[in-house]
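Worksheet for the structure shown next.
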Amino acid sequence: MNNAENPPSLYAAQEPIFPRKVSGFFRTFKWWIMAVTLGIYYLTPWIRWDRGPNLPDQAVLIDLAGRRFYFFWIEIWPHEFYFVAGLLIMAGLGLFLFTSALGRVWCGYTCPQTVWTDLFILVERWIEGDRNARVRLWRAKWDAHKWRLRITKWLVWLLIAIATGGAWVFYFTDAPQLAVDLVTLNAHPVAYATIGALTATTFVFGGFMREQVCIYMCPWPRIQGAMMDEDTITVGYREWRGEPRGKKHEGTTGDCIDCMACVNVCPMGIDIRDGQQMECITCALCIDACDDIMNKIGKERGLIDYLALSDEPLERGGGKAKPVWKHILRPRTLVYTFLWSTIGLGLLFALFIRAEIDMTVSPVRNPTYVTMSDGSIRNAYDIRLRNKHGDDREFHMSLTSEEVLIIDLEGTDLVNVVVPANETKLQRVYVTARRGDPSATAARTDLRFWVEDVVSGERAHTNTVFNGKAADQ
């Protein structure tokens with residue numbers, strides 16, 4: 001009765017986590033990954049790439065106004081969005097591949113939330129001290145000393161967050177010019193709004209929510225179970241070696257001395273000795289902490305380590321674990337690798353064989369055809385010509401069909417048209433069937449439009465149909 005009147009709360013207050021400083025192979029590896037990933041993110045918009053006159057010289061640019069994506073020597077046009085779709089599919093398959101082979105290695109090392117949280121914790125440690133000092137500060141009253149440390153930390157966090165939001169908008173327009181416009185307050189309001197939104201999310205997610213983002217907002221912890229199996233290499237605790245745990249002087253037979261080092265360094269605040277948990281991002285900091293303790297007490301390293309569950313019976317019986325490559329090279333990972341490689345090779349093939357000229361044809365269907373004064377039948381087509389070269393090109397237009405059809409270009413007596421460099425041009429084209437010809441009376445006649453670069457001889461074509469009088473029947 002009492003429980004019915006006072007139901008348990010479904011809300012759990014956030015428990016503050018103060019990760020302790022740790023050193024070791026994985027911590028050093030994470031520092032290097034942080035430096036490389038942040039360097040790529042912040043510096044890439046400033047890399048220049050000469051594409052010739054009238055083209056942007058920014059190496060990586062998402063030009064929404066010009067509807068182009070530039071990546072060094074690669075230029076993606078709107079009709080080539082399949083390249084972007086292919087890259088997204090490759091990213092998804094890559095995530096499946098690495099998760100099935102090495103667990104949540106993406107989450108532990110390269111996820112933006114992990115990288116920026118690591119950076120924010122580093123700043124926090126520099127200003128407020130290591131774990132014990134931060135715990136004392138957390139419990140202390142709000143005096144001048146605490147306010148000074150907190151405000152200093154928040155200001156540095158805010159500067160990092162502003163730099164993060166600012167770097168993002170530089171990918172969408174010329175970075176040097178936008179930087180000047182931002183400082184002189186001449187930038188578009190959308191740029192300021194975007195920087196403000198990303199600044200706020202970076203500041204809150206990296207500074208205050210941290211592990212809450214991984215546990216409650218990110219769907220991947222709940223999906224990873226389908227990607228992992230007993231052969232997946234992931235961070236785990238060798239319970240058969242460590243238990244029963246206890247202090248060294250108590251004569252326990254286990255290697256674990258219950259020092260809590262693995263818990264104190266964990267940015268998620270969990271105890272890896274409790275087994276696999278959704279909150280674990282496999283950052284491997286607990287491995288460094290435990291190995292350090294094992295060195296100090298003269299025990300073998302690897303009590304906490306990267307391991308596969310399928311090796312437990314072997315190790316528990318005193319045998320050796322299977323080689324890592326046997327865990328990684330198994331049917332699931334091989335299938336993912338094959339699919340990932342196939343899509344990648346397909347994209348590369350499509351990239352290298354794509355033409356520098358292109359065309360799309362849109363028949364004008366209102367009306368379907370027009371009967372001219374001499375009895376001939378005329379169809380109209382809107383043809384969009386693309387010139388991907390860095391200079392103006394003259395295109396020669398023609399058509400082929402089993403029947404006799406005549407082509408004319410609107411606005412000129414010629415069948416040649418000049419398309420500006422790296423631009424598209426919409427050209428209205430008329431196709432006429434003479435009175436009495438089979439194509440004038442038939443419902444449909446197949447035809448093929450051709451466009452040829454007069455300078456290089458490159459050609460492109462598109463198939464469509466010509467509608468005669470019988471099209472109304």
Side-chain angles (χ1 to χ4, degrees), residues 15 17-30 98-109 111 114 118 131 211 214-215 220-222 224-225 227-324 326-328:
E15 294 290 336
I17 299 174
F18 306 97
R20 181 174 65 81
K21 181 180 179 181
V22 63
S23 60
F25 172 81
F26 293 105
R27 178 65 271 180
T28 302
F29 185 49
K30 283 172 64 67
F98 282 106
T99 302
S100 62
L102 300 171
R104 292 180 64 184
V105 65
W106 159 262
C107 300
Y109 295 93
C111 174
T114 298
D118 261 3
R131 170 181 165 80
E211 75 285 350
C214 302
I215 297 173
W220 190 240
R222 292 156 180 82
Q224 66 168 337
M227 298 294 106
M228 299 171 61
D229 56 33
E230 62 180 9
D231 279 314
T232 299
I233 303 294
T234 188
V235 175
Y237 168 64
R238 288 187 166 93
E239 177 267 340
W240 57 94
R241 243 190 69 185
E243 303 296 332
R245 70 185 71 163
K247 301 303 179 183
K248 185 178 180 181
H249 59 80
E250 295 176 355
T252 176
T253 58
D255 288 351
C256 179
I257 61 173
D258 204 20
C259 62
M260 300 297 288
C262 57
V263 179
N264 292 337
V265 302
C266 180
M268 304 298 291
I270 65 172
D271 190 340
I272 192 64
R273 297 172 298 178
D274 293 336
Q276 295 297 310
Q277 298 159 69
M278 183 188 71
E279 295 85 354
C280 179
I281 61 173
T282 66
C283 64
L285 297 183
C286 53
I287 298 177
D288 285 337
C290 186
D291 283 348
D292 182 58
I293 297 298
M294 292 297 103
N295 289 337
K296 292 179 180 178
I297 65 174
K299 295 289 187 178
E300 182 184 358
R301 294 160 62 95
L303 179 59
I304 299 176
D305 203 353
Y306 272 104
L307 52 88
L309 295 179
S310 61
D311 287 333
E312 178 182 349
L314 296 174
E315 294 191 9
R316 189 183 290 273
K320 290 184 178 181
K322 291 190 297 185
V324 173
K326 288 188 176 181
H327 290 292
I328 295 179

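Just so it is clear, the structure is predicted and the values come from calculations on it, not from any experiment.
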Are [X] and [Y] ion-paired here, with the side-chain N under 4.0 Å from a carboxylate O?
X: Arg273; Y: Asp258; value: yes
X: Asp231; Y: Lys322; value: yes
X: Asp118; Y: Lys30; value: yes

[X] side, atom [atom1]; [Y] side, atom [atom2] - distance, nearest 0.5 Å:
X: Met260; Y: Arg20; atom1: CE; atom2: CZ; answer: 11.5 Å
X: Arg245; Y: Glu239; atom1: CZ; atom2: CD; answer: 9.0 Å
X: Ile17; Y: Ile270; atom1: CD1; atom2: CD1; answer: 9.0 Å
X: Ile287; Y: Tyr306; atom1: CD1; atom2: OH; answer: 5.5 Å
X: Asp291; Y: Cys286; atom1: CG; atom2: SG; answer: 9.5 Å
X: Cys290; Y: Arg238; atom1: SG; atom2: CZ; answer: 10.0 Å

Can you find a heavy atom in the side chain of [X] that is under 4.5 Å from one in the side chain of [Y]?
X: Ser23; Y: Thr28; result: no
X: Met268; Y: Ile215; result: yes
X: Val265; Y: Asp288; result: no
X: Leu102; Y: Thr282; result: no
X: Leu314; Y: Lys320; result: no
X: Ile293; Y: Ile257; result: yes
X: Asp311; Y: His327; result: yes
X: Pro267; Y: Leu285; result: yes

Tell me if the centroids of the rings in Phe29 and Tyr109 come within less than 6.0 Å of each other. yes
To check you understand the geometry: which heavy-atom pair defines the closest contact between [X] and [Y], and what is its length?
X: Glu315; Y: Ala321; answer: OE2-CB, 3.3 Å
X: Asn264; Y: Cys259; answer: ND2-O, 4.5 Å
X: Leu307; Y: Gly236; answer: CD2-O, 3.7 Å
X: Ala261; Y: Ala289; answer: O-CB, 3.8 Å
X: Ile328; Y: Ala101; answer: CG2-CB, 4.3 Å
X: Pro221; Y: Cys214; answer: CG-O, 3.2 Å

Between [X] (side chain) and [Y] (backbone), is there a donor-acceptor pair under 3.5 Å?
X: Glu300; Y: Asp255; value: no
X: Thr99; Y: Gln224; value: no
X: Asp292; Y: Asn295; value: no

Step-by-step side-chain contact (heavy atoms from CB on, under 4.5 Å) determination, Arg222 to Met278: CA-CA 7 Å; Arg222 292 156 180 82; Met278 183 188 71; 3.8 Å; yes
For Cys280 and Ile272, what are the C-alpha separation, side-chain angles and deciding distance, and is it a side-chain contact (heavy atoms from CB on, under 4.5 Å)? CA-CA 8 Å; Cys280 179; Ile272 192 64; 4.1 Å; yes
Do the side-chain N and O atoms of Glu243 and Tyr237 include a donor-acceptor pair separated by under 3.5 angstrom? yes
Whether over 12 other heavy atoms sit under 6.0 Å from Phe98 CZ: no
Tell me, with the steps shown, if Cys283 and Thr114 meet side-chain contact (heavy atoms from CB on, under 4.5 Å). CA-CA 9 Å; Cys283 64; Thr114 298; 5.8 Å; no
Worked check of side-chain contact (heavy atoms from CB on, under 4.5 Å) between Val235 and Asp305: CA-CA 5 Å; Val235 175; Asp305 203 353; over 6 Å; no
